[in-house]
Amino acid sequence: MKSYGTGDAQTLALRGVDLDIRYGELLMLVGPSGSGKTTLLSIIAGILDQDAGQCLVLDHDFKHMNATDRARVRGLSVGFVFQTFNLLPSLTVAENVAVPLLINGMPRKEAAARARGLLDSFGLGGRAEALPAQLSGGQQQRVAIARALVHEPKLIVCDEPTSNLDHATGHHAMEMLRREAQAPDRALVVVTHDARIFEFADRIAHMDDGRIVEVSSGTAQETPQ
Ligand code: ADP
């Protein structure tokens with residue numbers, strides 16, 4: 001359960017959710033605007049605390065951890081992809097991708113090499129020294145996906161990752177995410193209202209008015225690694 005505000009201004013954003021997220025799956029949270037998708041994703045990612053109930057993520061109970069431990073676990077184990085990409089504008093593409101590694105204490109040189117290797121594999125090696133603003137939206141989202149993956153987190157949370165992308169570019173971004181979800185020790189949770197990408201889900205949790213009203217199986221096929 002999660003509410004915002006108090007008294008007359010109180011909004012009940014989550015009324016009671018029972019959901020398991022499984023390793024090796026891409027789970028989508030879908031539903032109308034205001035149904036609680038982002039709130040649930042934020043609780044799963046340890047950004048927000050629920051008011052009541054328990055949320056265990058990789059055996060961690062974020063709500064009852066101190067800020068330091070929470071930041072450490074999040075830094076090591078969670079990757080984030082946002083609708084607006086959220087790249088740091090004054091850092092190069094390679095520096096942006098290296099940020100999670102530096103936060104986790106990896107030496108700068110090693111982090112830069114790892115970031116570059118990943119950018120190469122994403123077809124962005126030639127843009128490593130560019131600033132984010134010099135890239136197209138699709139390229140920026142690929143950089144953001146690289147940043148979410150570079151430290152090999154077990155959980156990747158994506159908030160409307162395709163909503164600022166055209167169909168073909170969004171499809172490409174989802175193909176990249178889909179491949180990552182096939183790792184046996186990793187799970188992806190994707191909030192979306194973009195029906196065109198439902199085909200990438202293993203399971204789809206349909207939300208309405210703060211509840212999960214149905215969990216259906218998606219139509220994702222195994223794609224070659
Ligand atoms: P969705 O992601 O499905 O659009 P949200 O989780 O963003 O839904 O919102 C669920 C409900 O909580 C909505 O009624 C929304 O207006 C409300 N809400 C979300 N964030 C806040 C906030 N920071 N303060 C007050 N109300 C909020």
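Just so you know, ligand 1 is whichever comes first in the structure, and atom 1 is the first atom listed for that ligand. Nothing here was measured: the structure is a model prediction, and the numbers come from that model.
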By the rule that ILVMFWY residues connect when side-chain heavy atoms come within less than 4.5 angstrom, directly or transitively, which residues belong alongside I103? L88, L91, V99

Residue set satisfying side-chain hydrogen bond (donor to acceptor under 3.5 Å, both in side chains) with T169, at least two apart, ordered chain then number -> D166

Please name all residues satisfying side-chain hydrogen bond (donor to acceptor under 3.5 Å, both in side chains) with D69, sequence neighbours left out, ordered by chain then number. none

Residues [X], [Y]: salt bridge by 4.0 Å N-O rule:
| X | Y | value |
| --- | --- | --- |
| D18 | R211 | no |
| R116 | E129 | yes |
| D61 | K63 | no |

In order of chain and number, which residues sit within 4.0 Å of ligand 1 by heavy atom? Y4, T11, A13, P32, S33, G34, S35, G36, K37, T38, T39

